[in-house]
*Asks:* 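Questions regarding the structure given below will be posed in turn.
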Amino acid sequence: MRHYQPGRDDLLAAGLTAAEQAHGRAPERVLDVGGGPGTTAEAVLRRWPDAHVTVLDIDPALLALTNAALPRVRTVLADIGSPGWLPAAGGPYDLVLALMTLHYLPEDRVRDWYVEAGHLLAPQGLLLVSDAMHDAPVSSKSQSGGMDPWTLWWAALSAQPSMAPLLTERAVTLSGLKSAEFVASTDWHGEAARRAKFGETAVLHLHAGHALMAFRR
């Protein structure tokens with residue numbers, strides 16, 4: 001993720017600090033939407049060891065890795081591409097994270113997703129969204145050539161015989177799905193959140209074509 005989102009560590013630290021400030025304490029219940037193999041959840045637990053963290057993702061292989069690495073974390077297999085993910089997610093949560101997740105959805109679906117995410121938050125709860133956004137400054141530093149780390153990572157995983165059943169399940173689950181590669185501006189996301197009845201909106205971090213935004217109920 002650091003390859004695709006330069007400055008990710010600083011971005012995540014800014015988000016977690018904002019969550020502490022919003023509540024005046026460490027959030028007790030945290031949902032990581034599209035949390036993949038649990039790298040963000042791991043960072044959350046390092047900072048807030050007593051937090052109850054849920055990772056929601058459509059990928060069964062990635063959730064299996066989260067289960068293996070972070071047995072304290074609750075995992076939920078669900079597709080945010082349809083409203084059916086909402087009952088499975090549970091809640092209410094003090095903090096909902098969607099980091100490098102919403103670009104998978106088409107524009108109209110992202111608007112609906114903001115409404116749905118609002119239903120998961122406790123009073124004064126905070127939603128943190130980070131993704132590629134048009135108005136974030138672009139780094140002049142070019143990325144290295146060759147095969148990208150995500151492809152190499154999956155190739156290494158596929159070489160592990162124990163992963164074969166999970167990878168077969170993954171192929172069936174993700175069959176026919178593709179990323180919309182949706183990119184909008186911080187203003188667009190702010191307006192979508194306001195239409196979804198969020199109150200306070202703030203841009204917390206801008207770097208290398210990516211932004212982190214906070215929305216409060």
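These figures come from a predicted structure and were not determined experimentally.
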*Asks:* Under 4.5 Å between any side-chain heavy atoms of Leu86 and Leu120, yes or no?
*Replies:*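 In short, these two side chains touch, coming nearer than 4.5 Å.
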*Asks:* Measure from the side-chain N and O atoms of His103 to the backbone N and O of Ala180, and report whether any donor-acceptor pair falls under 3.5 Å.
*Replies:*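 Judged by distance alone, no pair lies under 3.5 Å.
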*Asks:* Do the side chain of His210 and the main chain of Leu206 share a donor and acceptor less than 3.5 angstrom apart?
*Replies:*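 No.
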*Asks:* Quick one: do Glu116 and Arg111 make a salt bridge, cutoff under 4.0 Å?
*Replies:*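 So Glu116 does not pair with Arg111 through a salt bridge.
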*Asks:* About how many Å separate CG of Leu77 and OG1 of Thr173, when rounded to the nearest 0.5 Å?
*Replies:*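 Thr173 atom OG1 to Leu77 atom CG measures 6.0 Å (nearest 0.5 Å).
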*Asks:* What distance do Glu169 atom CD and Leu174 atom CG have between them, rounded to the nearest 0.5 Å?
*Replies:*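 Reported to 0.5 Å precision, the distance equals 10.0 Å.
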*Asks:* If you take all heavy atoms of Ala61 and Met163, which pair is closest and at what distance?
*Replies:*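 For Ala61 and Met163, the tightest heavy-atom pair comes out as CB-CE, 4.4 Å.
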*Asks:* For the rings on Tyr104 and Phe182, is their centre-to-centre separation under 6.0 Å?
*Replies:*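 Distance test on ring centres: not under 6.0 Å, no.
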*Asks:* How long is the gap from CG on Asp108 to CH2 on Trp113, to the nearest 0.5 Å?
*Replies:*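 Here the interatomic distance stands at 16.0 Å.
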*Asks:* Compare every heavy atom of Leu56 with every heavy atom of Ala89, then report the nearest pair and how far apart it is.
*Replies:*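 Shortest heavy-atom contact: CB-CD1, 3.8 Å.
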*Asks:* Which atom names give the shortest non-hydrogen contact between Ala43 and Leu12, and what distance separates them?
*Replies:*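 Result for this residue pair: CB-CD2, 3.5 Å.
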*Asks:* Could you tell me whether a side-chain N or O of Asp57 sits under 3.5 Å from a main-chain N or O of Gly36, the two making a donor and an acceptor?
*Replies:*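 Yes; at least one donor-acceptor contact below 3.5 Å.
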*Asks:* Is the number of heavy atoms from other residues, nucleotides or ligands within 6.0 Å of NE2 (His52) greater than 12?
*Replies:*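 Check fails, neighbour count at 12 or below.
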*Asks:* As a quick check of understanding, evaluate side-chain contact (heavy atoms from CB on, under 4.5 Å) for Ile80 and Trp85, giving each step before the final call.
*Replies:* CA-CA 5 Å; Ile80 64 169; Trp85 75 281; 3.8 Å; yes
*Asks:* Does the Lys NZ or Arg CZ of Arg25 fall within the cation-pi geometry relative to Trp48 - under 6.0 Å from the ring centre and within 45° of the axis?
*Replies:*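 No, Arg25 does not sit over the ring of Trp48.
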*Asks:* Let me see the working for Arg47 and Glu42 under salt bridge (charged side-chain N to carboxylate O under 4.0 Å, His left out), right down to the final yes or no.
*Replies:* CA-CA 9 Å; Arg47 183 153 178 157; Glu42 184 179 27; over 6 Å; no
*Asks:* Do Ser162 and Gln160 get their side chains close enough for a donor-acceptor pair, meaning under 3.5 Å?
*Replies:*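 No.
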*Asks:* So, taking the atom named CG in Asp32 and the one named CG in Leu99, what distance separates them when rounded to the nearest 0.5 Å?
*Replies:*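 Interatomic distance, Asp32 CG to Leu99 CG, rounded to 0.5 Å: 6.0 Å.
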*Asks:* For Arg74 and Thr66, test the side chains for any donor-to-acceptor distance below 3.5 angstrom and give the result as yes or no.
*Replies:*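 No, Thr66 and Arg74 have no side-chain donor paired with an acceptor closer than 3.5 Å.
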*Asks:* Same cluster or not: Val33 versus Val115, using hydrophobic residues (I, L, V, M, F, W, Y) connected whenever any side-chain heavy atoms lie under 4.5 Å apart?
*Replies:*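 No, because Val33 and Val115 fall into different hydrophobic clusters, even though each may have its own neighbours under 4.5 Å.
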*Asks:* Tell me the closest heavy-atom pair linking Thr201 and Gly190, and the distance in Å.
*Replies:*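 Nearest heavy atoms, Thr201 then Gly190: CG2-CA, 4.2 Å.
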*Asks:* Report the distance from atom CH2 of Trp188 to atom CD of Glu107, rounding to the nearest 0.5 Å.
*Replies:*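 Here the rounded value is 5.0 Å.
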*Asks:* May I have the step-by-step check of side chain to side chain donor-acceptor pair (under 3.5 Å) for Asp135 and Ser185, ending in yes or no?
*Replies:* CA-CA 6 Å; Asp135 47 335; Ser185 65; 4.9 Å; no
*Asks:* Leu167 versus Ser158: any side-chain heavy-atom pair under 4.5 Å?
*Replies:*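 Yes, at least one pair of side-chain atoms sits under 4.5 Å.
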*Asks:* Ignoring hydrogens and angles, tell me if any N or O in the side chain of Arg109 forms a donor-acceptor pair with the backbone of Gly81 under 3.5 Å.
*Replies:*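 Confirmed, Arg109 side chain pairs with Gly81 backbone.
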*Asks:* For Phe198, does the six-membered ring have the charged nitrogen or CZ of Arg217 within the cation-pi criterion, i.e. under 6.0 angstrom from the centroid and within 45° of the normal?
*Replies:*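 Yes; both conditions hold, so Arg217 lies above the ring face of Phe198.
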*Asks:* Distance from Leu204 atom CG to Met213 atom CE, nearest 0.5 Å?
*Replies:*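 One gets 8.5 Å once the value is rounded to the nearest 0.5 Å.
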*Asks:* Are Leu121 and Arg29 side-chain neighbours, meaning at least one heavy-atom pair lies under 4.5 Å?
*Replies:*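 When only atoms from C-beta onward are counted, Arg29 and Leu121 do not touch, as no gap falls below 4.5 Å.
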*Asks:* Do the side chain of His205 and the main chain of Ala14 share a donor and acceptor less than 3.5 angstrom apart?
*Replies:*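 Looks like no, no N/O pair under 3.5 Å.
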*Asks:* Check for me, please, whether Ile58 and Val76 land in the same ILVMFWY cluster - side-chain distances under 4.5 Å, paths through other members count.
*Replies:*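 They do not share one cluster, since no chain of ILVMFWY contacts under 4.5 Å joins Ile58 to Val76.
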*Asks:* Are any of the side-chain heavy atoms of His207 and Leu11 separated by less than 4.5 Å?
*Replies:*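 A side-chain contact under 4.5 Å is absent here.
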*Asks:* Could you label the plane-to-plane angle of the Trp150 and Trp154 rings as parallel, tilted or perpendicular, counting under 30° as parallel and over 60° as perpendicular?
*Replies:*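 Rings of Trp150 and Trp154: perpendicular, over 60°.
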*Asks:* Check whether Leu102 and Leu127 end up in the same hydrophobic cluster, where Ile, Leu, Val, Met, Phe, Trp and Tyr are linked by side-chain heavy atoms less than 4.5 Å apart.
*Replies:*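 Shared cluster, yes.
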*Asks:* Please answer whether the main-chain N or O of Ala211 pairs with a side-chain N or O of Ser130 as donor and acceptor at a distance below 3.5 Å.
*Replies:*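 Checking the backbone N and O of Ala211 against the side chain of Ser130, a donor-acceptor pair under 3.5 Å is found.
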*Asks:* Please report the closest heavy-atom contact between Pro27 and His23, naming both atoms and the distance.
*Replies:*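 Here Pro27 and His23 meet closest at CG-ND1, 4.2 Å.
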*Asks:* Between Arg195 and Tyr114, is there a donor-acceptor pair closer than 3.5 Å when you use the side chain of the first and the backbone of the second?
*Replies:*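 No; judged by distance alone, with no hydrogens or angles, the pair does not exist.
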*Asks:* Any non-hydrogen side-chain atom of Val73 less than 4.5 Å from a side-chain atom of Leu45?
*Replies:*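 The answer is yes; the side chains approach within 4.5 Å.
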*Asks:* Please check if the side chain of Thr168 supplies one atom and the backbone of Ala164 the other of a donor-acceptor pair under 3.5 Å.
*Replies:*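 Looks like yes, one N/O pair under 3.5 Å.
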*Asks:* Does the side-chain contact (heavy atoms from CB on, under 4.5 Å) test come out yes or no for Leu65 and Leu157, once each step is laid out?
*Replies:* CA-CA 11 Å; Leu65 295 176; Leu157 207 63; 4.3 Å; yes
*Asks:* Just do the side-chain contact (heavy atoms from CB on, under 4.5 Å) check on Leu95 and Leu31 with the steps written out, would you?
*Replies:* CA-CA 6 Å; Leu95 174 64; Leu31 172 65; over 6 Å; no
*Asks:* Establish whether Met133 and Leu105 are linked, either directly or via other cluster members, by ILVMFWY side-chain heavy-atom contacts under 4.5 Å.
*Replies:*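 Linked within one cluster.
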*Asks:* Are Val53 and Val129 in one and the same hydrophobic cluster, where Ile, Leu, Val, Met, Phe, Trp and Tyr link if side-chain heavy atoms are under 4.5 Å apart?
*Replies:*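 No, separate clusters.
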*Asks:* Is there a side-chain contact (heavy atoms from CB on, under 4.5 Å) between Leu128 and Leu126 once you walk through the steps?
*Replies:* CA-CA 6 Å; Leu128 294 178; Leu126 196 70; 3.9 Å; yes
*Asks:* Where the side chain of Asp148 meets the backbone of Thr151, is there a donor-acceptor pair that is under 3.5 Å apart?
*Replies:*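 Yes; at least one donor-acceptor contact below 3.5 Å.
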